[in-house]
Structures are given as C-alpha cells and as structure tokens.
Protein chains: 2
Amino acid sequence: MEEVKQFYSVEEKKLARYAKALSHPVRVYICGILSKQACCYSGDLAEEVPIARSTLSQHLKELKNSGLVQGEINPPKIKYCLNKENWAEAQQLFKEFFK
Amino acid sequence: MEEVKQFYSVEEKKLARYAKALSHPVRVYICGILSKQACCYSGDLAEEVPIARSTLSQHLKELKNSGLVQGEINPPKIKYCLNKENWAEAQQLFKEFFK
DNA sequence: CCTTTGTTTCGTAATTTTACGAAATACGAA
DNA sequence: TTCGTATTTCGTAAAATTACGAAACAAAGG
C-alpha cells in the first residue's frame, strides 16, 4: 500500500538490468553463441569455457534471472536458448539509449 | 614476455566493460543526460539524483574508468561530457552484438 | 534397485560494488 | 592569507559477485 516515489524510469532500470547481465565476458560469450546459432547445452559450453561447471551454472542462472536466456528441460540435459522477447526488448532499449 | 592464451575476444571484453559501466540505474541516467543534451557538472547531477555526493562521485569515476565519460576541469567546477569516440565504439559493439 | 550422465545447489572464500559522512583538495575572491 | 564553493578521496561497512570443489538431484538404462 506504500506509494514509493521511484526516481529512475522503468527503462533505465531495465537497461541497467540487461547491462548487468552482460557485464561479464563469459555471459557475453554465451549470449553471442545463443544469438548466432541456436540453443545449446550446459555441457557443451562447459567444454569450451575455461571455468568450473558450477561457476558456469551460476552464470547461466544469472542470465536466466535477467530474462535474456531461458532453459528447456530435455532430460537428462537442459537446453539453453535466448528468450526472444526479452532479447528484442534489450536490443530496442540499447538502440534507443545510444541514439 | 609471458604469452597468455586469452579465451575471450577483445570485443567480448570491451562489451562486458561497457555493459558493466551501464549496470547501475544512476549511471544509465547520467549517460542518458549526457547523450541527450550536453555536458554537465557534478553539482547539477547531485541536486537531481537521490544519492550522496560522494557516492555520485564514485559513479562518475567508474564512468570515466570505463571510457564512456570524460571530465573537463573548468574551475572551480568539473564539467562531465561523453567521450564521443568510446561512446560510438560502445554503440557499435552493442549494435553488432544484438544483430 | 543401482549406476551413469548431466546439471545444479551448497558451503566457503576472496574480491568488488555500493553507500555514507567526514576530511581533504583546489581555486577564485575578498 | 583566509573564506567559500565545488568536488573528490578516505575510512568504513554491508551486500553482491565470482569462483571452486563436494555433494545433491533427477531421469534413463541396465
């Protein structure tokens, strides 16, 4: 019921959130793969990327939390894909921002 | 003399660095102002933004470190402006990334 | 049921980020 | 030189991020 004055706009907060998701090279790398080709599995990434699987899992979780990426369960694997809708939103926000 | 294998590309690291600079709403807000109109002073920002001046100064320092913003000394004030060259680079990197 | 496979969660530690107020700095004006 | 203005740096604290290995989990196959 508390009416709190928000200083930052919704767009500013969304942009910051997407930017935060992309603020680590491994997350940029993962999104780059997912946007260029198709979806992929955590294990596929783990073989390429020079970090522990548990750490990779944390980064994937962050990308999921940001909304840029989603995971589809495909037992016993989990297939990670871009969330097209949010990806398009981020694209638009950055485009507007730099315009 | 050490030849270290770098896993992430220069572009991935640069993008992550710019994204990090934009990963806080106040920094998005500041860049938004600087890109829309002209330069401005720390004090002008301090009057608008709901954070302490010292905290604002830290955010400005981070924006300077990222290369997106530069400060011109204009005693007794310091005028902050976008670094046009780096701004254009960031714009291009994000454009390519989302393409 | 037990094992294997793929992946995540837990526990932990080091580092970084975010934030504040107080003190320091720089410089022009009185 | 002393004062006032504009801003940053320092000291500090709380919270978040990044990273790892060990343990847990879920599902399919034997």
Side-chain angles (χ1 to χ4, degrees), chain A residues 4-8 12-13 15-31 33-34 38-81, chain B residues 4-8 12-13 15-31 33-34 38-81:
Chain A
V4 180
K5 277 282 195 327
Q6 292 295 328
F7 179 77
Y8 305 110
E12 283 159 352
K13 285 186 282 188
L15 188 81
R17 220 166 124 244
Y18 288 132
K20 194 170 186 175
L22 297 173
S23 70
H24 191 290
V26 77
R27 296 196 294 263
V28 172
Y29 176 83
I30 292 168
C31 287
I33 285 180
L34 296 182
C39 305
C40 64
Y41 297 104
S42 174
D44 302 340
L45 294 170
E47 282 166 29
E48 300 181 57
V49 158
I51 56 174
R53 274 157 201 266
S54 56
T55 307
L56 174 61
S57 196
Q58 270 183 111
H59 285 298
L60 286 168
K61 193 176 175 182
E62 269 189 74
L63 285 172
K64 271 195 287 186
N65 287 146
S66 78
L68 286 179
V69 161
Q70 61 193 102
E72 292 170 20
I73 294 175
N74 199 347
K77 298 184 175 186
I78 297 180
K79 191 161 75 171
Y80 284 97
C81 308
Chain B
V4 179
K5 276 283 197 321
Q6 293 295 328
F7 179 76
Y8 305 109
E12 283 159 353
K13 285 186 281 187
L15 189 80
R17 220 166 125 243
Y18 287 131
K20 193 169 187 176
L22 298 173
S23 71
H24 190 291
V26 77
R27 295 196 294 262
V28 172
Y29 176 84
I30 293 167
C31 287
I33 285 180
L34 297 183
C39 306
C40 65
Y41 297 104
S42 174
D44 302 342
L45 294 169
E47 280 165 30
E48 301 181 58
V49 158
I51 57 174
R53 275 158 200 266
S54 56
T55 308
L56 174 61
S57 195
Q58 269 183 112
H59 285 297
L60 286 168
K61 192 176 174 183
E62 269 188 74
L63 284 172
K64 270 194 289 185
N65 286 147
S66 77
L68 286 178
V69 161
Q70 61 193 103
E72 291 170 20
I73 294 175
N74 199 348
K77 300 184 172 186
I78 295 179
K79 192 162 74 171
Y80 285 97
C81 307

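Naming convention: chains lettered A, B, ... in sequence-line order (proteins, then strands); numbering from 1 in each chain. As a basis for the values below, the full set of heavy atoms in this structure was taken, side chains included, without hydrogen atoms, waters or symmetry mates. All of these numbers come straight from a predicted model, not from anything done at the bench.
Distance A:Y41 OH to C:dT8 C1': 17 Å, rounded to the nearest Å. Between B:D44 atom CG and D:dA6 atom C1' there is a gap of 11 Å when expressed in whole angstrom units. One can place NZ of A:K64 at 12 Å from C1' of C:dT9, the figure rounded to the nearest angstrom. Put simply, OH on A:Y80 is 8 Å from P on C:dT7, counting in whole angstrom units. Regarding B:I30, its CD1 atom lies at a distance of 12 Å from the P atom of C:dT18, rounded to whole Å. Distance CG (A:N65) to P (C:dT8): 12 Å, rounded to an integer number of Å. Taking atom NZ on B:K61 and atom P on C:dT17, their separation rounds to 12 Å, with Å as the unit. Note: NZ (B:K79) to C1' (C:dC27) measures 18 Å, nearest angstrom.
Here the CZ-CG distance, from A:R17 to A:L68, works out to 8.5 Å after rounding to the nearest 0.5 Å.
Looking at residues two or more places apart in sequence or on another chain, you find a side chain to side chain donor-acceptor pair (under 3.5 Å) between B:R27 and B:S23, B:H59, B:E62. B:Y8 meets the ring pair (Phe, Tyr, Trp, His ring centres under 6.0 Å) test with no other residue; sequence neighbours excluded. Applying the side chain to side chain donor-acceptor pair (under 3.5 Å) test to A:K13 and every residue at least two apart in sequence or in another chain returns A:Q6. Residues forming a side chain to side chain donor-acceptor pair (under 3.5 Å) with B:Y80 (at least two apart in sequence, or on another chain): none. Every residue two or more places apart in sequence or in another chain was checked for a side chain to side chain donor-acceptor pair (under 3.5 Å) with B:K64, and none qualifies.
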Under 3.5 Å, which protein N or O atoms sit close to an N or O of nucleotides 17-20 of chain D? Give each pair with its distance.
residue	atom	partner	partner atom	Å
D:dT17	OP1	A:K20	NZ	2.7
D:dT18	OP2	A:R27	NH1	2.9
D:dT18	OP2	A:R27	NH2	3.4
D:dT18	OP2	A:E62	OE2	3.2
D:dA19	OP1	A:H24	NE2	3.4
D:dA19	OP2	A:H24	NE2	3.3
D:dA19	OP2	A:H59	NE2	2.6
D:dA19	N7	A:Q58	NE2	2.9
D:dC20	OP2	A:A52	N	2.9
D:dC20	OP2	A:T55	OG1	3.0

